[in-house]
Amino acid sequence: MPNLRHLDFSLHRVPINGCQWQQLISSHLPKLQTFQFRMRSTFHDDDIVESLINTFRTPFWLEERRLFVRCSI
């Protein structure tokens with residue numbers, strides 16, 4: 001799908017971290033412009049949530065893609 005420009009994705013139970021998404025986008029979706037995703041999961045530890053969010057705080061997400069992650073609890 002190298003020509004895919006918009007991706008809206010919902011995922012339940014198995015979280016995918018920012019590094020995994022980065023690898024997928026860099027390798028297979030070079031023309032992606034709009035990326036929206038929702039992950040639903042039950043985390044009982046705030047450190048796990050913070051760790052997951054931190055994987056989206058890299059230059060790839062913030063500078064190159066200018067995408068930001070929001071968490072709703």
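Worth saying up front: this structure is predicted, and the values here are computed from it rather than measured. Residues take their numbers from the sequence shown, with the count starting at 1. Only this structure's heavy atoms are used, side chains among them; waters, hydrogens and symmetry mates stay out.
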Provide the closest heavy-atom pair for Phe56 versus Ile16 in the form atom of the first, atom of the second, distance.
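So the two residues come closest at CZ-O, 3.9 Å.
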Nearest heavy-atom contact between Leu52 and Pro15 is CD2-CB, 4.1 Å
Donor-acceptor pairs under 3.5 angstrom involving side-chain atoms of residues 31-39: please list them, not counting sequence neighbours.
unit_1 : atom_1 : unit_2 : atom_2 : d
Lys31  : NZ     : Asn3   : OD1    : 3.1
Thr34  : OG1    : His6   : ND1    : 2.9
Arg38  : NE     : Ser10  : OG     : 3.4
Arg38  : NH1    : Asp8   : OD1    : 3.2
Arg38  : NH2    : Asp8   : OD1    : 2.7
Arg38  : NH2    : Ser10  : OG     : 3.4

Residues 15-25 vs salt bridge (charged side-chain N to carboxylate O under 4.0 Å, His left out), sequence neighbours excluded, gives none
Once side chain to side chain contact (heavy atoms under 4.5 Å, CB included) is applied, do any residues pair with Glu50, and if so which ones, sequence neighbours excluded?
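Partners of Glu50 under the side chain to side chain contact (heavy atoms under 4.5 Å, CB included) test: Asn54, Arg57.
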Who passes side chain to side chain contact (heavy atoms under 4.5 Å, CB included) against Asp45, sequence neighbours left out?
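Partners of Asp45 under the side chain to side chain contact (heavy atoms under 4.5 Å, CB included) test: Asp47, Ile48.
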Which atom pairs, donor and acceptor, lie under 3.5 Å between side-chain atoms of residues 19-26 and protein residues at least two apart or in another chain?
unit_1 : atom_1 : unit_2 : atom_2 : d
Gln20  : OE1    : Asn17  : N      : 2.8
Gln23  : NE2    : Ser27  : OG     : 2.9
Ser26  : OG     : Gln22  : O      : 2.9

